[in-house]
Amino acid sequence: MGLPFSRPDTLRQDFLSSIVVFLVALPLCIGVAVASGVPAELGLITGIVGGLVAGVLPGSSLQVSGPAAGLTVLVYEAVQEYGLRTLGAIVIAAGLIQLGMGLLRLGRWFRAISISVVHGMLAGIGLVLVTGQVHSLFDNKSPGAAMANVTGLPGLLTESATEPAALAAGAIGIGTIVVLVGWKHVPKRLQVVPGALVAVALATLTTIAFDLPVKRIEVKGLLGSIQPPGLSELGGLASVGVIGTVVAFALIASAESLFSAAAVDRMHHGPRTDYDRELMAQGAGNTICGLLGALPMTAVIVRSAANVQAGARTKASRILHGVWLLAFTAAFPVALGYIPVTALAAILVHAGWKLLSLREVGRLWRTERGEAVVLTGTALAIVVTNLFEGVLIGLLLAVVKTAWDVSEIHVDVDEEADPIVIRLSGNATFLRLPKVLDTLETIPHGRAVELDLSGLRHLDHACRTALRAWAAQHDGRDEKSSVRMKEPALTG
């Protein structure tokens with residue numbers, strides 16, 4: 001069996017696809033790094049590792065890995081709280097956890113997570129990105145926490161209205177968003193060039209041509225930006241707060257990568273993803289990113305979709321995209337220093353808006369209102385708390401919603417019979433206990449009752465105890481108020 005790109009037609013298609021993915025990845029790598037509060041080069045290093053390491057390993061053949069907007073909030077918080085060098089240690093530990101989960105064949109279990117929680121997580125990330133990057137759009141520093149970013153928006157607009165530099169940055173940023181939104185309406189032959197690259201190029205050229213007083217990307221070079229974590233940073237992994245961050249990195253990066261793989265599999269007819277191997281590939285990539293002190297890596301749906309849509313045939317396209325990233329940043333690092341920060345903020349505002357999934361919320365509200373509540377609750381919880389706690393709250397909402405749906409119970413009362421027959425069917429859990437007790441309390445005194453539980457598929461301890469207490473109370477009122485209970489065939 002030869003190399004995946006050994007056939008001439010395959011080589012040509014993968015080569016062209018790799019160029020497209022490179023052009024999409026370049027501004028995103030830089031933008032995610034800047035939004036995460038780290039040097040721009042660290043985002044490029046993660047993109048390179050995503051191509052040259054995760055791209056080579058087995059798992060998914062067409063999805064592309066690199067720094068993801070979905071982890072921006074968590075990375076920013078980690079850097080602010082523990083420092084940039086500790087970030088590398090956190091990423092190493094997260095990568096090792098991913099490797100362990102892959103070896104234990106836990107990758108497939110990520111498909112069991114409620115899709116509403118996933119959409120809620122992405123929507124919450126989108127809200128945090130939009131509210132945070134709007135500040136950067138005007139060359140202003142965001143307050144940090146999501147709620148502070150939201151409450152600070154009126155003040156931002158008021159202050160920016162009187163500052164020429166902020167107005168110039170805002171004009172460039174808003175213009176970049178207009179190009180991004182409008183690019184899908186240009187002729188198809190022009191859409192071969194990614195809209196993000198066009199938007200950043202136009203913003204950069206406009207800034208240079210008019211010598212606008214806006215902030216630019218600071219570039220030091222790849223080698224100068226590599227900061228491997230030392231023994232003290234690795235020793236800091238023992239603290240409770242850092243452990244929680246490591247677990248959050250590992251779980252969220254794994255979930256985002258594997259959900260991306262599922263989406264990519266639906267876009268092509270090639271080999272399906274091996275979830276456990278893909279999890280190990282992500283873990284190996286993150287371990288190396290951590291050793292280099294770079295950003296964490298996930299599979300990214302934007303790049304992966306661009307790869308598939310460009311006609312990629314094999315993993316060679318994603319490997320080559322890493323080669324182009326390395327070659328560009330090594331040969332033309334000075335070119336990056338001309339890019340205005342506001343243009344990258346605009347790209348992330350646009351990406352965050354697309355993550356909100358407003359159409360999905362509307363569709364769920366019309367068809368599955370409970371799922372819409374889970375999605376919305378997860379998103380709002382992330383904004384009010386943080387990414388990790390918000391996802392946990394979303395999972396709890398999903399469990400409660402599922403328990404409520406599963407515990408459907410029917411209570412039928414035949415008052416014409418003697419004795420009165422009360423039949424319970426379905427699943428009797430504590431969640432439905434108020435409904436059952438409300439019905440039982442309407443039974444008149446002085447009547448014999450047959451409580452038929454044979455139709456129940458499940459009867460939990462709370463319901464069993466409450467039914468026996470009601471039967472004892474009704475039976476003890478007088479001689480006529482006897483209760484005969486017919487036990488269920490299956491109990492829980």
Side-chain angles (χ1 to χ4, degrees), residues 24-40 42-43 66-80 121-160 163 165-181 183 195-197 199-200 202-204 207 214-218 256 295 300-302 336 339-358 379 382-384 386-387 390:
V24 171
L26 181 63
L28 286 175
C29 286
I30 301 171
V32 169
V34 173
S36 300
V38 304
L42 296 186
L71 284 174
T72 300
V73 179
L74 201 58
V75 171
Y76 181 85
E77 292 174 352
V79 170
Q80 296 302 308
M121 178 186 77
L122 295 175
I125 292 168
L127 282 170
V128 175
L129 270 179
V130 170
T131 56
Q133 292 305 305
V134 165
H135 292 267
S136 299
L137 209 64
F138 293 90
D139 274 353
N140 215 310
K141 186 176 181 181
S142 64
M147 288 304 295
N149 290 338
V150 174
T151 56
L153 289 177
L156 168 72
L157 298 176
T158 303
E159 293 173 10
S160 299
E163 295 182 11
L167 288 174
I172 293 294
I174 293 170
T176 303
I177 293 175
V178 170
V179 173
L180 288 168
V181 173
W183 192 246
L197 184 71
V200 170
L202 289 175
T204 303
T207 301
V214 299
K215 294 180 182 178
R216 316 286 178 90
I217 299 296
E218 296 180 5
E256 187 166 345
L295 291 173
V300 186
I301 190 61
V302 175
L336 301 177
I339 300 175
V341 172
T342 181
L344 299 177
I347 287 177
L348 290 172
V349 167
H350 182 251
W353 181 259
K354 291 196 295 185
L355 288 175
L356 292 180
S357 301
L358 296 179
I382 288 172
V383 173
V384 173
N386 56 53
L387 188 58

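Basis for what follows: all heavy atoms, side chains included, without hydrogens, waters or symmetry-related copies.
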Visitor: One pair to check against side-chain contact (heavy atoms from CB on, under 4.5 Å): V200 and I339. What are the steps and the verdict?
Guide: CA-CA 7 Å; V200 170; I339 300 175; 3.8 Å; yes
Visitor: Ignoring hydrogens, what is the shortest heavy-atom contact between T176 and A199? Give both atom names and the distance.
Guide: CG2-CB, 3.6 Å
Visitor: Taking all heavy atoms of A40 and all of V34, pick out the closest pair and write down the distance.
Guide: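 It is CB-CG2, 4.4 Å.
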Visitor: Might you point out which heavy atoms bring Q133 and A35 nearest each other, and give the distance in Å?
Guide: NE2-CB, 3.2 Å
Visitor: Quick check on side-chain contact (heavy atoms from CB on, under 4.5 Å): which of L156, V150, N140 does V134 satisfy it with?
Guide: L156
Visitor: For the residue pair P67 and V32, what are the closest heavy atoms and their distance?
Guide: CB-CG1, 3.9 Å
Visitor: So with a 6.0 Å cut-off around CH2 of W353, is the heavy-atom count from everything else above 12?
Guide: no
Visitor: Just how far is it from atom CG of L42 to atom CD1 of I30, taken to the nearest 0.5 Å?
Guide: 12.0 Å
Visitor: Which heavy-atom pair separates G43 from L295 by the least distance, and what is that distance?
Guide: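 Taking every non-hydrogen atom into account, CA-CD1, 3.7 Å.
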Visitor: How long is the straight-line distance from OG1 of T158 back to CG of L153, given to the nearest 0.5 Å?
Guide: 10.5 Å
Visitor: Going by atom type alone, with no hydrogens or angles, which donor-acceptor pairs under 3.5 Å involve a side-chain atom of residues 340-348 and a protein atom two or more places apart or on another chain?
Guide:
residue : atom : partner : partner atom : Å
T342    : OG1  : L137    : O            : 2.7
T342    : OG1  : A169    : O            : 2.9
T342    : OG1  : G173    : N            : 3.4

Visitor: Checking the side chain of D139 only, and the main-chain atoms of V214 only, is there a donor and an acceptor separated by less than 3.5 Å?
Guide: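 No.
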